[in-house]
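FYI, the numbering just counts along the sequence from 1. Values below: every heavy atom of this structure, side chains too, minus hydrogens, waters and symmetry copies.
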Amino acid sequence: MVTTTNTTAHAAPTAGEATLDRIAWLRLSSVTLPLATPISDAKVFTGRQKPMTEVAFLFVEIVTEQGHEGIGFSYSKRAGGPGQFAHAREIADNLIGEDPSDIGKIWTKLVWAGASVGRSGLATQAVAAFDVALWDLKAKRAGLPLAKLLGAHRDSVRCYNTSGGFLHTPTEQVLDNAGASLSNGIGGIKIKVGHPDGKYDLARLTAVREHIGDDVPLMVDANQQWDRPTAQRLGRAMEEFGLVWIEEPLDAYDAVGHAALASSLDTPVATGEMLASVAEHVELIRHNACDIIQPDAPRIGGITQFLKLAALAEHHQLQLAPHFAMEIHLHLAAAYPIEPWVEHFDWLEPLFNERLEIRDGRMYVSSRPGLGFTLSDQARAWTIASHEVGSRP
């Protein structure tokens, strides 16, 4: 593991009496999480990507002069992890001396520090890790779970499992995985579709529906692999299964195509996870391109940006189903006015000492303050590079 430290003094910004604390120290960690089994979805079966074998994480730990702490993370699948870490390292010293409560101000400062690389994609994903850490810190300082700090509408959220239904998994194993998820208290099952042969998708979907019964919520995810005619044809063929939604039937940026599909199908259309800014989601909303919006806080710049998007989504009466990172999104979904869903993945569990409670089809917000998670020894062992800025009090 490579560790670097920057202790260069950073002039404290001018502040009034309301500034009661300042950021004194932070640490960035680049962590590689290996996956037990290579993961394949439609993008692999159509030759666009290779199977996924690991997930790269950028962790940010922040400590203030008064000893308050926060932890946040962003992530990248396949490529991009080293880039996120490198960008975060370049901009990290901008936090030293700032009031940790001024999260919106700090977000803008960090974005402008890297303005030449834009306000979406890898750059804002790096900013997201800082932003999540600041929200975690604020909630911990208040002694509240993040959901309660934001203003929760509920203490638990409907949850569904995705990790048991990838395309590389044999159908019989998918059925076993679905049964195990339901037995463990998860409320819905999502399986991957988008196989080059649509008949394979329909046969697999038929088997799953027969196995779990008509009353269990069931979703499918095509991972952007259909063209418009295929999405229309298969979308109609899937109407009989009573799906909660069809996810990413088309290219993530095809707002017009998604809008046409959503207006023609009885099954709701969900999309948004691959978009990397609030502005890109605005295009979906402007075109009425989805019934269920699926933002990913680490991908769009953090919790600050997610809250902006959530307000807009609520205004348009959209349902919400955040993508991945349930450790963050449980809190954000609990604070959304319209009953949402949160996605269950157990992949990240080795990174943390704590676990989420799941029962009766719902995921529960714990009483732990902030996000409610601390980094495990295993996460430290998987750290391939770190960088410290400032002086720890």
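In this structure the side chain of Ile106 never reaches within 4.5 angstrom of the side chain of Asp131, judged on heavy atoms. The shortest side-chain heavy-atom distance between Ile303 and Ile103 does not fall under the 4.5 Å cut-off. At least one side-chain heavy atom of Ile191 sits less than 4.5 Å from a side-chain heavy atom of Val220. Within the 4.5 Å cutoff, side-chain heavy atoms of Met238 are placed close to those of Val193. By the 4.5 Å heavy-atom criterion applied to side chains, Trp341 and Met219 are counted as neighbours. In this structure, Trp347 and Thr162 have side chains that are not in contact, with every pair of non-hydrogen atoms separated by 4.5 Å or more.
Using a cut-off of 4.0 Å between Lys/Arg side-chain N and Asp/Glu carboxylate O, Glu240 and Arg209 are scored as not salt-bridged. Taking a cutoff of 4.0 Å between a charged side-chain nitrogen and a carboxylate oxygen, Arg380 and Glu61 qualify as a salt bridge. Ion pairing between a basic and an acidic side chain is recognised when a charged N comes within 4.0 Å of a carboxylate O; Arg119 and Glu280 show no such pairing. Residues Glu239 and Arg236 are not paired through a salt bridge, judged by the lack of any N-O separation under 4.0 Å between the basic side chain and the carboxylate. A salt bridge between Lys190 and Glu248 is absent, with no side-chain N of the basic residue lying under 4.0 Å from a carboxylate O of the acidic one. With respect to the salt-bridge test (charged N to carboxylate O, under 4.0 angstrom), the residues Arg158 and Glu339 qualify.
Side-chain heavy atoms closer than 4.5 Å link hydrophobic residues (I, L, V, M, F, W, Y) into clusters, and following such links, even through other members, never connects Met274 to Leu284.
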>> Let's go through Leu146 and Trp135 carefully: what are the C-alpha distance in whole Å and the side-chain angles of both, what is the deciding distance for side chain to side chain contact (heavy atoms under 4.5 Å, CB included) to 0.1 Å, and is it a yes or a no?
In response: CA-CA 7 Å; Leu146 177 61; Trp135 280 102; 4.2 Å; yes
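The backbone N or O of Gly272 lies less than 3.5 Å from a partner atom in the side chain of His281, making a donor-acceptor pair.
Ring pair Phe345/Phe324 is perpendicular by interplanar angle, where above 60° counts as perpendicular and below 30° as parallel.
Checking each of Glu247, His323, Glu273 against Gln294 for a side chain to side chain donor-acceptor pair (under 3.5 Å) leaves exactly one that passes, namely Glu247.
Considering every non-hydrogen atom in both Pro217 and Gly187, the closest pair reads CD-O, 3.2 Å.
Enclosure of atom CG in Asp197 by more than 12 non-hydrogen atoms of other residues, nucleotides or ligands within 6.0 angstrom is indicated.
Less than 6.0 angstrom separates the ring centroid of Trp245 from the ring centroid of Tyr160.
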